[in-house]
Amino acid sequence: MQWIPAALSAAVLFTACKPKQAGNVVSGDAASKVYVAPGKYDEVYLFTSGGYSGQVGVYGVPSGRLFRVIPVFSVDPEKGWGYSEETKPMLNTSKGFVPWDDSHHPVLSKTAGNDDGRWLFINGNNTPRIARINLKTFRTDEIIELPNTGGNHASPFCTENTEYVVGATRFSVPSDNEDVAINTYKKNFVGTVNFVKVDKESGNMSMAFQVNAPAVNFDLARAGKGMSHGWVFFSCYNTEQANTLLEVNASQKDKDFIMAVNWKKAEEYLAQGKGVKKAASYVHNRYNESTHTATSEMLKEVMTLDAKTLKGICYFMPCPKSPHGCDVNPTGEYIVASGKLAATIPVFSFKKMQDAIAKNDVEGEFDGIPVLKYSSVIAGEVEKPGLGPLHTEFDSKGFAYTSFFVSSEVVKWNVETRQVVDRIPTYYSIGHLCVVQGDSKEPFGKYLVAMNKITKDRYLPTGPELCQSAQLIDISGEKMKLLLDFPTIGEPHYAQMIQADLITKNQVKIFKLDDNKHQYVAKNEKATKVVRNGNDVHIYATAIRSHFTPDNIEGVRVGDNVYFHITNLEQDWDVPHGFAVKGAGNAELLIMPGETQTLKWTPTFAGVYPMYCTDFCSALHQEMQGYVRVSPAGSSVPLSFSTGSNNGEQPAK
Amino acid sequence: MKTQMLTKTFLMASAIVLVYSLPGCGGSGNKTEDTSGKTEVKPEAKPEASASEDGIGRFAGKEVAAFDAAKATVGKTIFENKCSACHKTTEDKVVGPGLKGVTERRKAQWILNMITNPVEMTKSDPIGQALLAEHLTQMTNQDISDDDAIALLQYLRQNDGAK
């Protein structure tokens with residue numbers, strides 16, 4: 001009668017089938033389209049901005065599974081980011097250590113206009129910065145601050161071959177540290193547009209030049225490609241130049257602008273020595289993979305170009321009603337602007353813009369910058385597409401997909417004819433959207449992710465604060481189909497998707513111990529030691545399944561600065577060790593195979609303090625522990641350290 | 001014996017029923033064939049431990065160089081960096097077994113496979129399985145090249161008295 005339990009469990013399984021939910025608008029085969037069988041891989045990576053978490057989320061599509069949160073601008077105690085001595089410099093700024101930011105737009109690096117899977121850039125909006133994440137390690141390798149900028153929002157969109165990533169000020173400001181009356185906005189404030197150079201091989205960023213443009217709010221940007229390579233287009237609002245109650249005062253004019261910046265022209269002016277070096281202070285932080293240590297450098301100068309006197313760098317194109325998205329189609333011919341208070345989508349023509357510039361077809365000037373005639377640069381408008389267009393991406397078949405915040409929908413339209421062909425509701429109030437490689441020359445298409453601003457009743461409630469809501473939409477057919485809801489971290493302002501194999505082929509699995517050049521590395525247990533230097537105590541320790549060396553340490557005194565430099569001796573994939581010590585005003589360390597990380601601890605009370613491995617590493621993980629004895633200040637307990645020998649009978653080493 | 005076989009047959013039958021019934025949970029009631037599900041649930045035969053003196057890995061059946069004292073010196077350094085945290089060269093166990101006499105207990109090919117292919121060795125080789133059961137900590141893959149593995153072998157041979 002042994003078969004009864006099997007039959008019973010089968011019955012239990014059958015009753016687990018749920019009845020069909022009310023309000024279910026997904027089609028019958030949606031489940032099979034998002035089902036990734038256990039042990040199988042997703043087809044696509046989705047990188048979402050962490051919004052006010054300051055980080056980046058990494059998901060699989062079509063499953064919507066969260067793989068990793070990459071710490072970028074905010075401290076992350078789970079990974080020791082901003083807590084370990086090695087990573088603290090990454091969060092340094094000209095204003096000191098800033099442990100948080102507001103990350104908005106992840107942008108994948110490009111070669112020949114297509115995503116190359118090498119790096120992911122993301123902007124910090126609050127304390128203006130651009131970060132570069134290495135997609136071999138999924139870690140932030142570099143952060144550069146932008147001087148004289150007040151809210152780096154139109155950023156970090158990159159040019160066709162990642163020659164530059166850009167960052168334009170959302171809040172025009174006077175120069176850094178300049179003390180002027182706020183209502184002198186029109187006189188003293190500047191709209192800075194930063195071009196940050198990216199080294200082709202290493203990816204290292206450097207501030208190339210800063211264009212000083214009229215004071216407005218820059219919102220979003222996209223670089224030209226193909227025929228429009230050499231240009232970057234920025235959406236601008238608050239051309240009223242208001243400095244208070246912008247909700248009303250920045251919505252007065254019928255038209256704001258798209259600003260076209262000719263960066264090749266800017267390069268010519270620089271070559272002619274027309275740039276002006278200005279004093280500034282901003283930092284450049286870099287993580288070195290062989291020393292496993294970050295350094296922060298303060299820079300004192302920035303090269304500037306004055307857009308008002310250096311003609312031909314900047315042109316304005318009038319654009320209805322506070323444009324947000326400013327997106328270039330795959331051929332590079334069209335610039336799709338989304339006036340968030342407008343009832344149409346204007347589509348500008350790069351060719352017509354070139355003609356208008358050649359013929360000087362202008363309707364006037366704004367603050368010294370020529371304003372081209374709307375009728376001369378517009379290819380056409382998408383009529384009655386919906387309410388509150390925000391942002392557009394493209395597929396490979398000549399269609400554009402625009403998000404509509406107010407009417408809460410995605411609208412599909414034909415780029416050449418500008419006819420709407422399909423629409424699908426989103427739940428609720430979509431902000432940005434993204435298509436797989438949807439901003440590149442050759443979009444992959446297939447999936448679209450809607451990032452919704454309002455969640456309301458879509459998930460089990462979690463008190464006043466609800467999860468953020470993303471929706472996966474199938475765009476492979478004529479009609480768009482909703483496939484899946486899945487939650488995301490922070491507020492994902494924007495995301496990018498890329499075919500997985502462009503990234504998986506380059507993965508780093510371990511750091512070679514032989515290549516570890518950390519100042520305090522211990523490459524084997526023989527090399528471990530404890531060294532006192534005044535009040536600084538440096539512990540050169542190792543971790544391997546499943547013990548620390550040394551694991552008994554005595555002779556530390558209250559008030560000492562104790563540095564635990566832990567080297568993970570493992571050389572196998574997926575075997576990090578963690579490290580924590582009782583009472584440390586710090587986070588844990590999470591140390592990858594072959595890496596050295598340092599936890600600083602200043603004990604304030606005498607006693608015996610346990611330390612242990614926080615990341616389950618083996619069957620004997622619970623045994624991976626040790627003790628540090630802290631004696632009162634001025635104590636004469638000698639410094640000693642050992643593993644396996646401090647048994648009461650014999651003296652420590 | 002007969003009852004056991006019957007039970008087995010019934011269990012297999014109910015497993016098949018389960019496999020075919022699960023996709024029936026679709027919201028619309030339509031039967032959707034889920035082929036991937038079928039293959040996933042299929043009971044897998046547990047791999048039989050293939051006893052082999054050479055162990056499992058790229059050194060199985062390969063010629064191994066004779067003792068070389070110069071290489072043993074290289075191997076000593078590698079041992080200190082990558083092995084000594086868990087193994088002593090005496091008979092004392094630390095995390096893993098003491099390695100005195102290992103070159104007499106095991107074939108050179110087996111040792112080289114254990115060094116370079118520890119996960120598969122502890123999973124599928126009978127001696128490897130027994131060692132994992134005894135020591136309970138997975139022998140670590142220390143990312144050791146074939147040349148370095150041979151240098152380590154020479155060092156272990158020297159430790160066992162080779163000259």
Side-chain angles (χ1 to χ4, degrees), chain A residues 1-10 13-21 24 26-32 35-40 509-514 522-528 542-549 569-573 575 593-594 617-621 623 643-644, chain B residues 3-4 6-41 77-88 92 94-96 118-119 132-133 135-145 148:
Chain A
M1 287 291 112
Q2 289 171 50
W3 47 269
I4 284 178
L8 273 177
S9 57
L13 275 172
F14 293 142
T15 54
C17 294
K18 275 190 178 171
K20 202 173 168 185
Q21 293 269 330
N24 195 346
V26 298
S27 51
D29 59 348
S32 65
Y35 181 66
V36 177
K40 301 287 179 205
K509 296 183 173 175
I510 60 161
F511 298 104
K512 296 248 182 207
L513 207 48
D514 292 341
K523 289 195 186 183
N524 56 55
E525 293 191 350
K526 262 194 180 171
T528 61
T542 60
I544 193 161
R545 282 168 281 179
S546 281
H547 60 278
F548 292 108
T549 302
L569 294 180
E570 309 275 358
Q571 291 288 272
D572 200 0
W573 197 19
V575 196
C617 56
S618 80
L620 294 165
H621 163 73
E623 283 73 9
T643 294
Chain B
T3 19
Q4 251 185 11
L6 274 174
T7 314
K8 258 190 190 168
T9 319
F10 186 81
L11 277 171
M12 276 184 70
S14 42
I16 290 164
V17 169
L18 258 176
V19 167
Y20 279 93
S21 308
L22 280 171
C25 289
S28 59
N30 286 340
K31 269 205 176 158
T32 49
E33 280 284 30
D34 188 347
T35 46
S36 61
K38 253 184 243 169
T39 48
E40 288 301 314
V41 186
T77 311
I78 300 166
F79 186 87
E80 280 166 5
N81 283 338
K82 294 199 164 178
C83 315
S84 66
C86 299
H87 293 284
K88 286 195 172 181
D92 299 334
V94 188
V95 176
V119 175
L132 179 61
H135 299 282
L136 290 172
T137 299
Q138 172 65 52
M139 161 100 173
T140 61
N141 180 346
Q142 287 293 81
D143 189 35
I144 289 166
S145 69
D148 285 0

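Sequence lines set the chain letters: A, B, ... in the order given, protein chains first and strands last, and positions in each chain run from 1. Atoms considered below: every heavy atom in the structure, side chains included; atoms not considered: hydrogens, waters and symmetry mates.
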| Roughly how far, to the nearest 0.5 Å, is CG of B/Asn81 from CD of A/Gln571? | 10.0 Å
| note | Looking only at heavy atoms, the pair that brings A/Arg545 and B/Val95 closest together is O-CG1, 3.6 Å
| query | Within the side chain of A/His547, is there an N or O that forms a donor-acceptor pair under 3.5 Å with the backbone of B/Ala85? | reply | yes
| request: Report the C-alpha distance between A/Ile510 and B/Asp143 in whole Å, list the side-chain angles of each, state the deciding distance to 0.1 Å, and finish with yes or no for side chain to side chain contact (heavy atoms under 4.5 Å, CB included). | output: CA-CA 9 Å; A/Ile510 60 161; B/Asp143 189 35; 3.4 Å; yes
| query | By a 4.5 Å heavy-atom criterion (distance strictly below it), what part of A/Lys509 contacts chain B: side chain, backbone, both, or neither? | reply | neither
| field | B/Gln142 side chain to A/Leu569 backbone, donor-acceptor under 3.5 Å | value | yes
| message | Please identify, among A/Asp29, A/Val575, A/Asp514, A/Asn524, the residue contributing the most non-hydrogen atom pairs under 4.5 Å to chain B. | response | A/Asn524
| note | To the nearest 0.5 Å, atom OG1 of B/Thr140 lies from atom CG of A/Asp572 at 7.0 Å
| task | Please list, chain by chain and in numerical order, all residues satisfying side-chain hydrogen bond (donor to acceptor under 3.5 Å, both in side chains) with B/Asp148, sequence neighbours excluded. | result | none
